[in-house]
Amino acid sequence: KMAVNKLEKVTGKQLSDIEGDDINSFLRIYGKEVSDITLRSKYQLLSSVYNFLYSHKYISFNPVQFTDPPKATVIYKKPLTELELEKIKNVCEKLPLKESLRNMAIIHFFVSTGCRVSELCKVKMEDLDLENKICKVKGKGKKERPVVLSDRACYRIKLYLGTRENISPASPLFAHIRGDEIEMTKDGVERMLQKLRRNAGVENLTCHTFRRFYATELRRRGVNIQMIATSLGHANLNQINRYSLYNQQELIDTIRKSM
């Protein structure tokens, strides 16, 4: 609805009166305000709306057929290195004990599972199976999937849980320092990582940095892209194109060897 309202406002026309040139003009104007990815997303929404209207004969022609889809610029961000990861862990170890153990557990959970921050925040104790090194997470659309925990992740989680009191199956796995029943929020985890980034002297560190690190490491170890996409909770392979699945220097070396 927001995309349609924006289109009508920019063009000064009703939805049924809009032509292909109007949509192209809208994309040029709106493209100056938003990122390429957002613009492409809005275009896809408008395309879906017009396809529905045309297929149900609410309009006599589909103007989207006469438009040029915006191209999203793919920016490959530098993946987290093993050295940067060690620097972050070293900073964690200097924090007060409970905070240190919690942060280390979160970092190892991210590295081991490649989870989204929203998924991490929603994990409850009842979702955790340390014996089988499995954890259930709820992704987009409330889709549930199992993720595998490494031995290190299990070890760090056990250490952290040893500092918690009155844990119930409904308790959050990762809790706020102020209370063991207060689940962490996305903003809270991001603030934690930014503090670690500054103190560790790491150039770029966000929750998504660990997701790229996870995907890149799996690909480096020979896991096929379909499996990586599934483990990340992606519905299709196109969604994984945003990740740089190869270390750039390794890619350069491989190409040179093939010449």
Side-chain angles (χ1 to χ4, degrees), residues 1-80 114-119 137-143 145 186 190 204 206-216 218-219 223-248 251-252 254-255:
K1 185 176 180 180
M2 291 179 63
V4 171
N5 290 342
K6 187 76 174 179
L7 175 62
E8 291 181 330
K9 183 178 179 180
V10 170
T11 61
K13 294 183 178 181
Q14 294 295 315
L15 192 65
S16 58
D17 299 326
I18 289 172
E19 300 178 352
D21 288 342
D22 296 319
I23 295 178
N24 285 330
S25 296
F26 165 74
L27 293 173
R28 285 194 296 271
I29 295 170
Y30 192 46
K32 297 177 182 179
E33 304 175 12
V34 298
S35 68
D36 291 346
I37 294 176
T38 299
L39 185 65
R40 189 171 180 82
S41 175
K42 297 300 182 186
Y43 176 83
Q44 291 171 342
L45 288 172
L46 290 173
S47 179
S48 296
V49 170
Y50 274 110
N51 286 337
F52 173 83
L53 293 175
Y54 183 69
S55 64
H56 288 75
K57 299 183 179 180
Y58 289 113
I59 54 177
S60 58
F61 79 103
N62 185 351
V64 174
Q65 294 178 344
F66 305 96
T67 61
D68 302 316
K71 296 179 180 179
T73 302
V74 180
I75 301 174
Y76 291 107
K77 296 183 179 179
K78 179 184 175 184
L80 191 70
C115 282
R116 301 177 178 92
V117 60
S118 58
E119 295 170 342
V137 298
K138 297 177 179 66
K140 293 183 177 180
K142 296 183 179 180
K143 293 180 181 178
R145 73 179 189 280
K186 177 181 177 180
E190 286 285 10
N204 182 47
T206 66
C207 298
H208 225 76
T209 305
F210 291 111
R211 201 160 159 79
R212 288 195 298 272
F213 179 83
Y214 169 83
T216 304
L218 286 187
R219 186 57 182 165
V223 179
N224 72 61
I225 294 180
Q226 179 66 65
M227 288 185 176
I228 296 174
T230 301
S231 69
L232 288 168
H234 285 317
N236 58 66
L237 291 179
N238 290 334
Q239 292 173 297
I240 205 172
N241 287 337
R242 77 187 75 176
Y243 304 115
S244 177
L245 299 184
Y246 297 93
N247 177 286
Q248 294 301 304
L251 184 58
I252 291 171
T254 300
I255 293 173

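All figures in this text were calculated on a predicted structure; none of them were measured in a lab. Position 1 is the first residue of the sequence; numbering continues from there.
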Closest non-hydrogen atoms of Lys140 and Glu119, given as atom of the first, atom of the second and distance, are N-OE2, 4.5 Å
Worksheet entry | Within 6.0 Å of NZ in Lys186, more than 12 heavy atoms from elsewhere | no
Minimal heavy-atom distance between Val137 and Cys115, with the atoms involved, is CG1-SG, 3.7 Å
When every non-hydrogen atom of Arg211 is compared with those of Leu232, the smallest separation belongs to NH2-O, 2.7 Å
Residues passing the side chain to side chain donor-acceptor pair (under 3.5 Å) test with Ser118, sequence neighbours excluded, are none
Which pairs would a plain distance check flag for residues 59-66, meaning a side-chain donor or acceptor within less than 3.5 Å of a matching protein atom at least two apart in sequence or in another chain?
residue	atom	partner	partner atom	Å
Asn62	OD1	Val64	N	3.0
Asn62	ND2	Asn51	OD1	2.7

Plane angle bin for His56 and Tyr58 - parallel if under 30°, tilted between 30 and 60°, otherwise perpendicular:
parallel
Scanning both residues in full, the closest heavy-atom pair of Pro69 with Arg40 reads CB-NH1, 4.4 Å
Value for CD (Glu33) from NZ (Lys6), rounded to nearest 0.5 Å, stands at 4.5 Å
Taken to the nearest 0.5 Å, the spacing of His208 NE2 from Glu190 CD works out to 10.5 Å
**Q.** Side chain Arg145, main chain Ser231, donor-acceptor under 3.5 Å
**A.** yes
Here the gap from Leu27 atom CG to Asp22 atom CG, rounded to the nearest 0.5 Å, amounts to 11.0 Å
Separation between CG (Leu218) and CD1 (Ile228), nearest 0.5 Å, reads 5.0 Å
Checklist line | Side chains of Leu15 and Glu8 in contact at under 4.5 Å (non-hydrogen atoms) | finding: yes
So CD of Gln14 and CG of Leu7: to nearest 0.5 Å the spacing works out to 10.5 Å
Note: Ile18 and Thr11 closest approach over all heavy atoms is CD1-OG1, 3.8 Å
Do the two ring centres, one from Tyr54 and one from Tyr50, sit under 6.0 Å apart?
no
**Request:** Check whether any side-chain heavy atom of Leu46 sits under 4.5 Å from a side-chain heavy atom of Phe26, and report yes or no.
**Result:** yes
Ignoring hydrogens and angles, state whether a donor on the side chain of Thr38 or Ser41 is under 3.5 Å from an acceptor on the partner side chain. no
| Hey, does the side chain of Ser47 reach the backbone of Tyr43 with a donor-acceptor pair shorter than 3.5 angstrom? | no
